[in-house]
Colleague: 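Let me give you the structure first, and then I'll get to my questions.
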Amino acid sequence: MKAMVLFTLETGLRRSNVAMMEWSQVDTERRTAWIHPDQAKARKAIAVPLTDTAMSVILQQVGKSPQYVFTYHGKPVKQPNNG
């Protein structure tokens, strides 16, 4: 969860966007994450530049899940604040 919180703070994205982010939304070569129009408040696609810290967080998640960037016990994090 710490990685997810740090990524959220670095990118300014909404928790829900980060929690359900899929690898298909991340371009490590261009250092960009994409929020699809149906996931964005304004219903427009959003390109989010990734800082060095955000990139570091992303790279630490590689190999943990084939679909989702952030997982907990192998499953996507649907509700990031449980307490």
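If you're wondering where the values come from, they're calculated on a predicted model, not measured in any experiment.
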Colleague: Of all heavy-atom pairs between Pro37 and Ala45, which one has the smallest distance, and what is that distance?
Modeller: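 Of all heavy-atom pairs spanning Pro37 and Ala45, the closest is CG-N, 3.7 Å.
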Colleague: Do you know the tightest heavy-atom contact between Ala47 and Thr32?
Modeller: CB-CG2, 4.0 Å
Colleague: Which Ile, Leu, Val, Met, Phe, Trp or Tyr residues join Tyr68 in one cluster when any pair of side-chain heavy atoms under 4.5 Å counts as a link?
Modeller: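 In the cluster with Tyr68 are Met20.
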Colleague: Between Leu13 and Met21, is any pair of side-chain heavy atoms under 4.5 Å apart?
Modeller: yes
Colleague: What are the two closest heavy atoms between Ser65 and Thr71, and how far apart are they?
Modeller: CB-CG2, 3.4 Å
Colleague: In terms of hydrophobic clusters joined by side-chain contacts under 4.5 Å, are Val5 and Val26 together?
Modeller: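 Hydrophobic grouping puts Val5 apart from Val26.
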Colleague: Is there a donor-acceptor pair closer than 3.5 Å between any side-chain N or O of Glu22 and the backbone N or O of Gln67?
Modeller: no
Colleague: List the steps and the verdict of side chain to side chain contact (heavy atoms under 4.5 Å, CB included) for Val69 and Lys64.
Modeller: CA-CA 8 Å; Val69 176; Lys64 294 183 179 181; over 6 Å; no
Colleague: Could you pull out all residues at least two apart from Asp52 that satisfy salt bridge (charged side-chain N to carboxylate O under 4.0 Å, His left out)?
Modeller: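 Asp52 satisfies salt bridge (charged side-chain N to carboxylate O under 4.0 Å, His left out) with Arg31 once adjacent residues are dropped.
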Colleague: Looking only at heavy atoms, which two atoms of Ala54 and Thr11 are closest? And how far apart?
Modeller: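 Taking every non-hydrogen atom into account, CB-CG2, 4.2 Å.
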Colleague: If I take atom CD from residue Gln61 and atom CE from residue Met4, how far apart are they, to the nearest 0.5 angstrom?
Modeller: 10.0 Å
Colleague: With hydrophobic residues grouped by side-chain heavy-atom distances under 4.5 Å, do Phe7 and Ile46 end up in a single group?
Modeller: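 Hydrophobic grouping puts Phe7 with Ile46.
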Colleague: Tell me whether Val18 shares a hydrophobic cluster with Leu9, the cluster being built from Ile, Leu, Val, Met, Phe, Trp, Tyr side chains joined at under 4.5 Å.
Modeller: no
Colleague: Using a 4.5 Å cut-off on heavy atoms from C-beta on, say whether the side chain of Trp23 contacts that of Ile58.
Modeller: yes
Colleague: Atom CZ of Arg15 and atom OG1 of Thr8: how far apart are they, to the nearest 0.5 Å?
Modeller: 8.5 Å
